[in-house]
Amino acid sequence: MLDDNKRHHYTVKRMLDFAAAGTPWHRRLWRLGTMLELSELLEAVSARALGALAESSVKYLGDVLARRIQRDPGMGSPAQRGQLIKHVNRTMQAAGHDWTALEILLRESRPSYLSRWASHLRNAEADPEPTARAIISYLLDEGYSAEATHKWLTYQVKYNKTAMSLGDLCDEAQALINRPKVRFTTLVPLSACPPLPEERPDHWLSSSETAEWLSWWFPAERSIRQSGGLVLEIDAKDKFSALKEAHSQVERLTARFQVGARQRLEFHPRLYMLGESGPLGYIGGPRRVQVHALERTKEVFRLRLDPQIDAALELLQPLDRGTPAAATAGSWAALEALLVGPGDTANRVVAATRMARIVTCHYVLSELLSLAQAHASTRDDAVARRLRSIDDEQDRAVFFEKAVREGSVADFAGAGAQMALLRVRALLADPNAVLARIACQLEDSFRRLYRQRNLIVHAGQTGSVALEGTLRTVSPLLGAGVDRVVQAGALHGVPALTFAAVTEVRLAQSAFSSRCLSELFALRS
């Protein structure tokens with residue numbers, strides 16, 4: 001049982017983890033918040049009417065949401081949650097009675113979601129993990145960037161002179177969300193551009209107009225070589241979100257000119273934003289799709305890999321930096337290339353279930369290895385000395401797991417490592433329940449990718465309410481899963497479908513017996 005100080009400290013630590021760019025995949029956010037998933041359900045019902053989504057896909061989302069609403073205090077009192085669940089459980093029709101009622105309830109709940117969490121935290125003990133997930137997910141889902149969220153939270157917990165409870169922090173976060181968007185005026189210089197028509201929209205500037213704009217607003221900056229400029233008026237929650245939107249608009253225009261014009265349209269890699277002292281980079285970083293198995297096994301130098309692996313990696317490539325539509329369509333195609341086999345063509349979503357099991361196994365191994373590294377690097381007991389002598393990662397995980405089971409691993413002083421240790425202890429105490437819960441959460445994320453892919457492919461819908469959040473949450477997970485599939489093939493010659501079957505069997509054995517969880521990937525045995 002945690003005391004109030006530890007509960008507060010652990011919750012804040014997890015919030016910072018969830019908002020930090022460098023957090024490893026197994027400690028990041030895996031799914032969207034309840035409010036955004038409700039919006040996604042309304043959108044999915046409309047897409048089903050157009051034939052873009054199957055009834056089973058919409059029903060799966062509704063069933064998941066009903067369970068989430070039931071345990072989410074941000075959705076109101078038990079009676080209010082019951083009203084929401086009543087509509088979610090019905091077979092809704094777009095713009096029908098239940099659909100409209102749910103839309104009204106969602107709109108009314110949005111301005112007070114975190115205020116309800118604040119009230120709950122002042123009157124009841126709450127688990128740090130779901131509390132941190134709910135708060136940070138909602139901030140990100142509502143349009144705040146991870147960078148701005150992390151800065152805001154760091155200020156509140158480190159520099160704000162007023163001591164704040166978790167309830168106070170939720171109230172502050174709700175006030176932040178309720179602020180209107182800010183108008184950001186930016187200019188993106190062009191490095192190459194077709195001749196501009198004489199009659200053109202005001203946001204396209206000629207070379208001379210661009211030079212005049214820059215000299216007026218940024219007189220201290222050196223002049224740059226440019227062929228014109230694009231002025232963008234962007235409404236966003238923060239500067240980093242505005243930069244991301246600028247990048248998105250630039251990508252769309254670049255793609256349009258590549259297929260719709262003979263001459264190139266190219267933009268400078270830095271833009272100018274009013275209120276800033278100088279130019280800013282706006283090209284987004286990678287989505288953290290990390291498949292390092294090829295490098296670890298030296299297979300990256302081979303000209304030809306297994307055709308299935310080669311195809312999957314090529315399809316996965318846009319997920320790291322490509323446009324949202326290309327990233328979504330390509331990444332699901334990569335999943336199908338690996339995990340859809342004979343007899344599966346009528347049920348392709350089974351790839352989500354299989355990848356969820358693979359990533360569940362990888363999660364167990366990754367969490368144990370992270371803790372083993374923390375123990376070995378900060379302590380000098382018998383366990384630490386033994387860990388430092390083991391080179392093989394699976395052997396390290398097996399040894400550390402046994403040490404935890406035997407009670408040989410003491411609590412960590414740091415909140416991050418200690419919370420991970422608590423998660424591992426809970427997993428070892430009840431693997432049946434915990435492994436199933438992890439696999440379900442991961443399957444929800446991969447099924448969301450499938451729904452987004454279908455919206456793009458079957459309805460041409462590239463502006464889904466959940467598209468950005470889907471890529472934010474699922475990209476590191478998919479990278480982790482493909483990494484293990486590639487390693488199984490490169491080191492052991494195990495095809496992807498065989499690997500998926502192995503993980504299913506091993507998960508069942510681990511959940512219902514005393515089998516060592518560290519051996520979930522023991523393909524060498």
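If you're wondering where the values come from, they're calculated on a predicted model, not measured in any experiment. In this chain, residues are counted from 1 in sequence order. Worth knowing before you read on, the calculation uses all heavy atoms, side chains too, and leaves out hydrogens, waters and symmetry mates.
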Keeping Asp127 on the side-chain end and Pro130 on the backbone end, is there a donor-acceptor pair under 3.5 Å? no
Closest heavy-atom pair and its distance - Ala376, Arg396: CB-NH2, 4.5 Å
Evaluate the side-chain contact (heavy atoms from CB on, under 4.5 Å) criterion for residues Arg472 and Leu29: first the C-alpha distance (whole Å), next the side-chain angles of each, then the deciding distance (0.1 Å), finally the verdict. CA-CA 9 Å; Arg472 167 170 49 82; Leu29 286 170; 4.3 Å; yes
State plainly whether the residues Asp430 and Arg437 are in salt-bridge range, i.e. N to O under 4.0 Å. no
Between Glu37 and the options Arg447, Arg451, Arg448, the salt bridge (Lys or Arg N to Asp or Glu O under 4.0 Å) test singles out Arg448
Compute whether any side-chain donor of one residue and acceptor of the other, for Gln452 and Ser464, lie under 3.5 angstrom apart. yes
Closest approach of Leu316 and Ala334, non-hydrogen atoms and distance? N-CB, 4.1 Å
Quick one: does Arg354's side chain have a donor or acceptor within less than 3.5 Å of a partner on Ala500's backbone? no
Is the number of heavy atoms from other residues, nucleotides or ligands within 6.0 Å of CG (Asn123) greater than 12? yes
Keeping Gln461 on the side-chain end and Leu455 on the backbone end, is there a donor-acceptor pair under 3.5 Å? no
Relative to each other, are the rings of Phe400 and His375 parallel, tilted or perpendicular (30° and 60° limits)? perpendicular
Rounded to the nearest 0.5 angstrom, the CD-CZ distance for Glu336 and Arg453 is 5.5 Å
Nearest 0.5 Å please: distance from the CD atom of Glu125 over to the CZ atom of Arg7. 4.0 Å
Using the salt bridge (Lys or Arg N to Asp or Glu O under 4.0 Å) rule, take Asp344 and Arg348 through it: C-alpha gap first, then chi angles, then the decisive distance, then the call. CA-CA 6 Å; Asp344 297 330; Arg348 294 182 177 276; over 6 Å; no
Can you check side-chain contact (heavy atoms from CB on, under 4.5 Å) on Met75 and Arg68, steps first, answer last? CA-CA 10 Å; Met75 301 312 297; Arg68 289 200 72 182; over 6 Å; no
If we ignore hydrogens and angles and just use 3.5 Å, is the side chain of Thr34 paired with the main-chain N or O of Ile69 as donor and acceptor? no
Sub-3.5 Å donor-acceptor pair from the side chain of Asp168 to the main-chain atoms of Ser165, do we have one? yes
Is there a side-chain contact between Val404 and Leu421 in this structure, where contact means two heavy atoms from C-beta onward sitting under 4.5 Å apart? yes
Do Leu121 and Cys170 come close enough that some side-chain heavy atom pair is under 4.5 Å? yes
Among Leu176, Ile177, Leu36, side chain to side chain contact (heavy atoms under 4.5 Å, CB included) partner for Glu142: Ile177
Look only at the side chain of Thr498 and the backbone of Val494, and say whether a donor-acceptor pair between them is shorter than 3.5 Å. no
Taking all atoms of both residues into account, what is the closest heavy-atom pair of Val434 and Ala426, and its distance? CG2-O, 3.7 Å
Geometric class of the Tyr363/Trp30 ring pair [parallel <30°, tilted 30-60°, perpendicular >60°]: perpendicular
Between Arg116 and Pro73, is there a donor-acceptor pair closer than 3.5 Å when you use the side chain of the first and the backbone of the second? no
Side-chain donor or acceptor of Arg71 paired with backbone N/O of Arg67 under 3.5 Å: yes
Mind checking whether His492 and Phe499 have side chains closer than 4.5 Å, heavy atoms only? no
Any chance you could measure Leu65, atom CG, to Ile85, atom CD1, to the nearest 0.5 Å? 9.5 Å
Could you go step by step and tell me if Leu153 and Leu169 meet the side-chain contact (heavy atoms from CB on, under 4.5 Å) rule? CA-CA 9 Å; Leu153 183 58; Leu169 200 58; 3.8 Å; yes
Taking every heavy atom of Ser331 against every heavy atom of Leu478, the minimum-distance pair comes out as CB-CD2, 3.5 Å
Taking the side chain as everything from C-beta on, heavy atoms only, tell me whether Asp238 gets closer than 4.5 Å to Thr149. no
Side-chain (Arg81) to main-chain (Gly74) donor-acceptor, under 3.5 angstrom: no
State whether the number of non-hydrogen atoms from other residues, nucleotides or ligands found under 6.0 Å of Lys237 atom NZ is greater than 12. yes
Run the salt-bridge test on Lys151 and Glu147 with the 4.0 Å N-O cut-off and return the result as yes or no. no
Point-to-point distance, once rounded to the nearest 0.5 Å, from CG of Asn89 to NZ of Lys59: 8.5 Å
Within the structure provided, determine whether Phe412 and Leu371 are in side-chain contact (heavy-atom separation under 4.5 Å). yes
Side chains of Arg386 and Ser389, donor plus acceptor under 3.5 Å: yes
Is it true that Asp444 and Arg31 make a salt bridge, defined as a side-chain N closer than 4.0 Å to a carboxylate O? yes
Counting only N and O atoms by type, is there a donor-acceptor contact under 3.5 Å from the side chain of Ser370 to the main-chain atoms of Glu367? no
Is any side-chain heavy atom of Arg423 closer than 4.5 Å to one of Leu427? no
Spacing of OH belonging to Tyr138 relative to CH2 belonging to Trp117, to within rounding of 0.5 Å: 13.5 Å
As an exercise, state the distance from CG of Asp3 to NE2 of His8, rounded to the nearest 0.5 Å. 12.0 Å
Looking at every heavy atom in both Arg379 and Ala410, which two are closest together, and how far apart are they? NH1-O, 3.0 Å
Can you tell if the side chain of His26 reaches within under 4.5 Å of the side chain of Leu369, non-hydrogen atoms only? no
Nearest non-hydrogen partners of Leu517 and Val364, listed with the distance: CB-CG1, 3.8 Å
Walk me through whether Val359 and Trp25 qualify under side-chain contact (heavy atoms from CB on, under 4.5 Å). CA-CA 10 Å; Val359 179; Trp25 72 267; 3.5 Å; yes
Using side-chain heavy atoms (C-beta onward) and a distance below 4.5 Å, is Val383 in contact with Phe399? yes
